[in-house]
Amino acid sequence: MLSSKFLKKRKSLVSSDDFNVDNLYEILNLASDIYREPKKYSNLCNGYVLASLFFEPSTRTRLSFESAMLRLGGSVVSIPEPNVSSVTKGESLKDTIKTVSQYSDIIVMRHSQEGSAELAAINSDVPFINAGDGGHQHPTQTLTDLLTIKQCLNRLDNLVISVCGDLKFGRTVHSLVKTLSKFPNNKFIFISPEELEIPEYIKNDLIKKNIEFKEVRTIEEVIDKVDILYMTRIQRERFFNEAEYMRLKDSFVLDNKKMSLAKEDMIVLHPLPRVNEIAEEVDDDNRAKYFKQVKYGMIVRMALILKFLEVM
Ligand code: CP
């Protein structure tokens, strides 16, 4: 059973703040075991139904949750696309969630509005998981990232983590930095254009915790010092101005030339989808772990479903 009061009482995951370090290790250790011996877990969700509500596009999060539930022996119901649900007739999110709670044992939702996950969690009669709410948070991507780091580097502390790209709108970055800052001796380097810097509230949180960080404008000036280079795409859908997006979209491109400056045991992560920010030639470098990360995403979601349904 997860020990955090929030998780235990409301069985909801809205933000990465809902986890403490003990909860995280509980989920990650279970995920590591599922990765080693998946067959042991293949029937544990027999008879359970996961509702998959994606009001924003997704490939990995949606398919990994659905695949996770199927691999655990459970079933999945979903709305094929938002415009065929009664939301188009004006139904509120509250009523949608109340309704879907009657059909399912656990709900996963992605929505474009910041705060929608909190509203849904409050109104759900079954465990609820945020699969991304606007530019706010994407806590299960953070679990994915943590499992990948743990599997690849065998630790979640004493790391120099560099995050690069759209640090303003990138919800995966916000969740990841807040979570990795809970582990001892981690340091952060933020690489972004001035216009897409990491939000002040995240910097203030690091300052409050006395955690070292710096902000730079190029990959080249720091790549030789980092254990993790976490690349992100410039988020076109969150720009108000297309011209501004066009100006910034190719701010960073990781290629083999830049990789030649990095440590032998550095890893490159990316939540995906990628656009231009990692050249395809980097995929063949054994430090490129972003497709491994995709697989770990499904495994860690299997662990989360088991914990939330109290099967484990
Ligand atoms: N990483 C991630 O959230 O990918 P999708 O948008 O494809 O779900």
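Note that the structure is a prediction, hence the values are computed from the model and not measured. All heavy atoms count here, side chains included; hydrogens, waters and symmetry mates do not. Just follow the structure's listing: the first ligand is 1, and inside any ligand the first atom is 1.
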Looking at Pro271, which atoms of ligand 1 are within less than 4.0 Å of one of its heavy atoms?
1 (N), 2 (C)
Student check: side-chain heavy atoms of Leu146 and Phe183 closer than 4.5 Å:
yes
Is it true that Arg36 and Asp33 have a side-chain N and a carboxylate O under 4.0 angstrom from each other?
yes
If we number the atoms of ligand 1 from 1 as shown, the ones under 4.0 Å from a heavy atom of Thr61 are 2 (C), 3 (O), 4 (O), 5 (P), 8 (O)
Nearest neighbour of atom 6 (O) of ligand 1 from the list Arg62, Glu56, Arg110, on a heavy-atom basis:
Arg110
May I ask you to check whether His136 and Gln113 show a side-chain donor-acceptor distance below 3.5 Å?
no
Closest candidate by heavy atom, reference atom 3 (O) of ligand 1, pool His138, Arg171, Arg60:
His138
Please state which protein non-hydrogen atom is closest to atom 7 (O) of ligand 1 and give its distance, to 0.1 Å?
Thr59 N, 2.8 Å
Regarding Arg217 and Glu197, does a basic nitrogen lie under 4.0 Å from an acidic carboxylate oxygen?
yes
Is any side-chain heavy atom of Ile129 less than 4.5 Å from a side-chain heavy atom of Ile107?
no
Does the side chain of Ile305 come within less than 4.5 Å of Tyr48's, by heavy atoms?
no
Under a 4.0 angstrom heavy-atom cut-off, which atoms of ligand 1 come close to Leu272?
1 (N), 2 (C), 4 (O)
With a heavy-atom distance limit of 4.0 Å, tell me whether Thr172 approaches ligand 1 through its side chain, its backbone, both, or neither.
neither
